Structures are given as C-alpha cells and as structure tokens.
Amino acid sequence: MKINLFLLLLVSAAVTKAQTNSYKFKRDITNVNSAWHSMKLPNQLYKNANIDFKDLRIFGVNGKDTIEVPYLLKQRADKVTSKNITFKQINQSSNLSNYYYTFQSDTTNTINQINLAFKQDNFDWQVTLEGSNNNLEWFSILKNYRILSIKNNYTDYKFTKLSFPDSKFQYFRIALKSTVQPELLSAKISKTDTVKGTYEDVKYKTFQLKNDATNKETVIEIALENPIPLSYLKLNAQSDFDFYRSIKIEYVTDSFKTDKGIQYNYANLYLGTISSLEKPEYNFPNTITSRLKITIQNNDNKPLRLSKLDLKGNVYEIIARFDNPKYAYALYYGNEKAVTPSYEIEKFESKIPSNLTFVALSEEQKNPAYSIIIKKPIFENKAWLWVLMAVIIALLGWFSFKMLRN
C-alpha cells in the first residue's frame with residue numbers, strides 16, 4: 001500500500017513537472033482570493049517572454065493537482081470612434097478675399113471635426129469656423145486656423161482637417177481667406193470620441209543625433225535599457241520658419257556583429273510628415289523593441305533643432321479566471337516553441353465582471369522544473385568509433401577473401 005502511494009505521488013509530481021518544465025521563467029501570483037483578477041505585465045518580463053506572447057501560461061498547483069488557468073491578454077490602447085454627421089451645403093458666397101460655405105443639418109448636432117477636400121494641389125489659406133442655430137446669429141469656433149497643401153517633386157503634404165472642441169449647432173459656416181477661388185470638393189463632418197488608454201512613460205538610455213549633409217537628412221538613434229512596448233513618440237522640434245518634412249520611424253528587429261561593430265536591422269513603424277502646423281506627436285501600433293531610429297529628410301533646408309523626445313507605451317494586462325483560490329498560482333513564460341493557447345472565455349468576454357481586483361506578480365525567477373532534453377550522440381567516446389571502423393574493415397576483408405576463393 002505504501003509503495004502504491006509512493007508511486008502515485010511520483011506520477012503526480014511527474015505530471016506537474018511535465019506541464020511546466022518547458023518554461024524557463026516564472027513569477028508567483030499573490031493575493032488570489034476570488035474567481036476573477038487582473039494583473040499588469042511588468043516591464044522586465046518582455047526581455048525573456050516571446051515577442052508575440054504565445055508562451056504565457058498560468059498554472060495553479062495544490063499538492064498533486066495542477067490546473068491551467070484561462071486568461072485574456074488585453075492591450076490598453078486608445079479607442080477611437082468616429083461618427084459621420086449628415087450636413088448639406090446650402091450656401092456658397094464670397095466677399096473680397098473671403099469665401100464662405102454654409103452647411104445645415106435637419107437637427108442640432110454636436111461635431112468636433114471637419115475634413116475638407118479641394119481640387120487645388122497647392123494652397124495656404126486661413127480658415128474661420130462659426131456655428132449658428134438660426135442662420136442669423138453666428139458664434140466663433142475657430143479663428144485664423146491654417147490649412148495647407150503642397151505637392152511637388154519632393155513633397156506631397158496636406159493638412160486640411162479642422163479639429164475643435166465639441167460644438168453643437170444646426171448650421172456651420174466656413175470662411176476661407178484666399179486670393180483665388182477655392183474649389184471645394186467635399187466636407188466630411190463628424191463627431192470623434194477617444195477613450196484614453198493606459199500609457200506608461202518610457203525612459204531611453206541613449207539619444208544620438210547626426211545631421212548627414214551628404215544624404216541631406218537628420219538621423220536620431222534611441223537605445224532603451226530593455227525591450228519594452230512603445231506606441232507614442234513626441235519630438236521637441238524647433239525652427240525659425242515654417243517647415244514640413246518627411247519623417248520615418250523604425251524599430252530594431254535584430255542585430256548582428258561585423259568588423260565595424262554591432263549592426264541593426266530595422267522595420268518601418270511610422271511614415272509621415274513632421275510639420276510646424278501639427279504637433280510632432282506620432283501614434284503607432286504597440287510594438288516591443290529596444291531601439292528606435294528616426295530619419296528626417298531635410299532636402300536643401302537647414303536641419304531642425306531637435307533637443308529631446310518623449311516615449312510612451314500601452315500597458316498589457318492579463319484578465320484571468322481562478323477557479324480555486326486555494327491553489328498556488330504562477331505565471332510561466334520563456335518557451336520559444338509554445339503556441340497560442342485557446343480558451344473559451346474569449347467567447348464570453350461580455351460576462352466578465354467590470355470591476356476586477358489587481359493581483360501582484362513576484363520578481364522573475366528561474367523555473368526549477370525547467371529541463372532541456374539534449375540529444376546526445378550515439379557514440380560519445382571516440383574509442384567506439386575506432387572499434388566500429390575496425391569491425392567494418394574486418395567484415396570487408398572477410399567478404400573480399402570469400403569472393404576471391406570462389
């Protein structure tokens with residue numbers, strides 16, 4: 001009986017170890033006291049976890065029992081919704097150098113954005129926007145707002161979006177100050193709402209700026225302490241004059257050693273324009289990286305004054321269902337061969353409670369159950385190779401002798 005119990009314990013331990021032994025690292029989960037909890041992934045985790053998070057697993061252990069905990073991985077990014085509002089153009093007029101366009105809706109609507117499209121490719125105009133509920137008394141919304149379009153062999157840039165605080169009127173009137181007749185093709189009026197995500201400031205280790213006169217560009221290389229999610233970049237760019245230049249933001253994918261030192265391979269993260277008309281702020285998909293490269297094309301212009309930058313990244317959060325608080329739980333990761341888990345709770349996300357208690361993750365530790373199966377060569381001792389060769393030579397000699405006799 002004692003022997004059977006001992007064997008059972010050995011089998012149970014082997015099964016538990018088999019579930020976790022392919023993961024290099026673990027972090028204990030503390031204060032589990034209900035069915036649903038959430039936890040924030042710590043920044044230090046990204047260095048050793050797979051970049052696609054396929055290897056994240058939560059296991060609970062209670063004596064000989066081991067269970068896998070289902071979870072959802074959420075990225076707390078901004079959620080932007082835009083609703084087009086139907087307005088019809090009811091009037092177009094001009095007065096000296098001002099051109100007016102009036103739009104009406106059947107009801108009073110709240111808007112905060114108007115996207116304009118013109119037939120002209122090159123212009124630089126001042127815009128005034130007003131609102132009214134009776135088409136008689138007008139209230140100012142925007143004054144001296146600049147819109148711009150430049151198209152030539154070097155640049156194809158448009159800034160024709162009017163953004164303003166929520167304004168609720170039945171009539172809206174746009175006044176363009178121009179020396180020529182603007183040819184308005186369309187005006188898309190909308191209400192845009194943004195639910196702010198959760199961001200964390202990211203500190204960089206080094207900031208290296210180089211003005212390349214040969215290629216007529218400015219290159220900034222930023223190195224981070226460790227791989228970390230990035231989704232926002234803001235440059236401190238200054239100039240004595242208006243500017244609009246192409247900008248490219250890249251992130252490092254891998255590196256390799258050469259005679260000239262470590263070289264990096266980059267992939268595009270953002271392609272666009274840096275302009276004095278718009279804030280030099282750039283949003284892009286949350287990307288885990290340890291290095292960035294920013295390239296600004298100056299052409300024949302004087303380089304911009306770039307002093308510093310701000311970096312932010314969206315927080316990754318795990319929402320997990322713990323079926324039994326009595327178990328000891330831990331988050332495991334560090335398995336390059338892991339595949340993305342499939343849990344049923346993603347089909348019933350709407351039933352997850354909205355108010356979740358955060359649980360803490362301990363410091364990273366090496367998983368004691370981790371083991372690597374090393375395929376050993378058939379013959380580790382070279383003496384066996386000599387013995388095998390001698391046997392093969394003897395067999396060949398014997399067959400040769402037998403053939404000669406026949």
Side-chain angles (χ1 to χ4, degrees), residues 77-152 155-197 232 234 237-239 241-244 272-283:
D78 290 351
K79 292 184 179 180
V80 180
T81 58
S82 184
K83 179 182 178 182
N84 291 329
I85 309 297
T86 302
F87 277 81
K88 61 181 178 180
Q89 185 175 334
I90 61 171
N91 191 19
Q92 178 178 333
S93 59
S94 63
N95 180 11
L96 297 176
S97 60
N98 291 313
Y99 296 84
Y100 298 91
Y101 304 88
T102 306
F103 301 89
Q104 179 188 10
S105 177
D106 295 334
T107 59
T108 301
N109 287 285
T110 301
I111 68 169
N112 56 18
Q113 201 170 95
I114 301 177
N115 281 283
L116 303 173
F118 298 91
K119 187 175 182 180
Q120 288 98 327
D121 288 328
N122 293 280
F123 57 82
D124 187 354
W125 298 328
Q126 296 289 330
V127 176
T128 297
L129 177 65
E130 298 173 309
S132 173
N133 285 321
N134 56 15
N135 202 16
L136 296 174
E137 185 181 13
W138 292 92
F139 300 91
S140 177
I141 301 173
L142 289 175
K143 283 185 178 181
N144 299 322
Y145 192 96
R146 190 179 178 189
I147 60 174
L148 177 73
S149 177
I150 300 172
K151 188 173 184 179
N152 52 41
T155 305
D156 187 357
Y157 173 70
K158 283 185 174 64
F159 178 69
T160 58
K161 180 173 68 176
L162 310 183
S163 298
F164 44 91
D166 290 356
S167 300
K168 189 174 184 179
F169 295 100
Q170 189 174 355
Y171 298 88
F172 287 92
R173 182 169 67 185
I174 296 172
L176 297 176
K177 190 173 184 179
S178 171
T179 57
V180 299
Q181 169 74 55
E183 298 182 61
L184 182 64
L185 298 177
S186 66
K188 295 182 179 179
I189 302 173
S190 61
K191 173 70 164 64
T192 300
D193 294 308
T194 301
V195 178
K196 282 293 184 181
Y232 169 89
K234 178 182 178 182
Q238 297 178 348
S239 176
F241 306 96
D242 286 331
F243 58 89
Y244 45 90
T273 303
I274 183 170
S275 166
S276 55
L277 298 181
E278 302 177 77
K279 293 180 180 180
E281 300 178 358
Y282 306 97
N283 293 278

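Note that the coordinates shown come from a computational prediction; the quantities given were computed from them, not determined experimentally.
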Is it true that a side-chain atom of S190 and a backbone atom of T192 form a donor plus acceptor pair closer than 3.5 Å?
-> no
Apply side-chain contact (heavy atoms from CB on, under 4.5 Å) to L184 and Q92, showing your working.
-> CA-CA 10 Å; L184 182 64; Q92 178 178 333; 6.0 Å; no
Closest non-hydrogen contact found for Q120 with P182 is NE2-CA, 3.5 Å
Would you indicate whether the side-chain heavy atoms of Q113 and K191 approach each other to under 4.5 Å?
-> no
Going by heavy atoms in the side chains, are E130 and T128 under 4.5 Å from each other?
-> yes
Interatomic distance, CD1@I111 vs CG@L129, rounded to 0.5 Å, equals 6.5 Å
Closest approach of D242 to S276 (non-hydrogen atoms, all atoms of both residues) | OD1-OG, 3.1 Å
Shortest non-hydrogen pair, Y282 vs T273, comes out as OH-O, 3.5 Å
Look at K168 together with D166 and state whether they make a salt bridge at an N to O cut-off of under 4.0 Å.
-> no
Can I90 and K88 be said to form a side-chain contact (heavy atoms from CB on, under 4.5 Å), step by step?
-> CA-CA 6 Å; I90 61 171; K88 61 181 178 180; 4.1 Å; yes
Aromatic ring pairing F123/W125, orientation class (parallel under 30°, perpendicular over 60°, tilted between) = parallel
So, do N133 and T108 sit near enough that their side-chain heavy atoms are less than 4.5 Å apart?
-> yes
G197 and D78: which non-hydrogen atoms are nearest, and at how many Å?
-> N-OD1, 2.7 Å
Donor + acceptor pair across side chains of N134, S132 (<3.5 Å) = yes
Would you check if the side chain of S167 reaches a backbone N or O of P165 as a donor-acceptor pair within less than 3.5 Å?
-> yes
Where the side chain of D156 meets the backbone of K151, is there a donor-acceptor pair that is under 3.5 Å apart?
-> no
I147 and L176: side-chain contact (heavy atoms from CB on, under 4.5 Å), yes or no, with the steps?
-> CA-CA 9 Å; I147 60 174; L176 297 176; 4.0 Å; yes
4.5 Å side-chain heavy-atom contact, L162 and I141 = no
Classify the angle between the aromatic ring planes of Y145 and F159 as parallel (below 30°), tilted (30 to 60°) or perpendicular (above 60°).
-> parallel
Has the side chain of Q181 got a donor or acceptor atom that lies under 3.5 Å from a matching backbone atom of Y99?
-> no
Hey, does Y157 have a side-chain heavy atom less than 4.5 Å from the side chain of L148?
-> yes
Correct closest heavy-atom pair for S105 and T86 would be OG-O, 3.4 Å
Within 6.0 Å of CG in N95, more than 12 heavy atoms from elsewhere | yes
Which value, rounded to the nearest 0.5 Å, describes the distance between K83 atom NZ and N109 atom CG?
-> 7.5 Å
For residues F164 and I114, determine if any side-chain heavy atom of one lies less than 4.5 Å from a side-chain heavy atom of the other.
-> yes
Using atom types as modelled and distance alone, determine if a side-chain donor or acceptor of S149 lies under 3.5 Å from a backbone N or O of D121.
-> yes
So CG of N135 and CZ of R173: to nearest 0.5 Å the spacing works out to 7.5 Å
Can you find a heavy atom in the side chain of W138 that is under 4.5 Å from one in the side chain of T102?
-> yes
Point-to-point distance, once rounded to the nearest 0.5 Å, from CG of N98 to OG of S178 | 9.5 Å
For I85 against T110, the heavy-atom pair lying closest together | CG1-O, 4.4 Å
Quick one: CD on Q238 to CZ on F243, what's the gap to the nearest 0.5 Å?
-> 9.0 Å
Hey, are the side chains of Q104 and Y171 touching, using non-hydrogen atoms and a 4.5 Å cut-off?
-> yes
Distance from I189 atom CD1 to L116 atom CG, nearest 0.5 Å?
-> 8.5 Å
Taking everything shown except K234 itself, do over 12 heavy atoms lie less than 6.0 Å from its NZ?
-> no
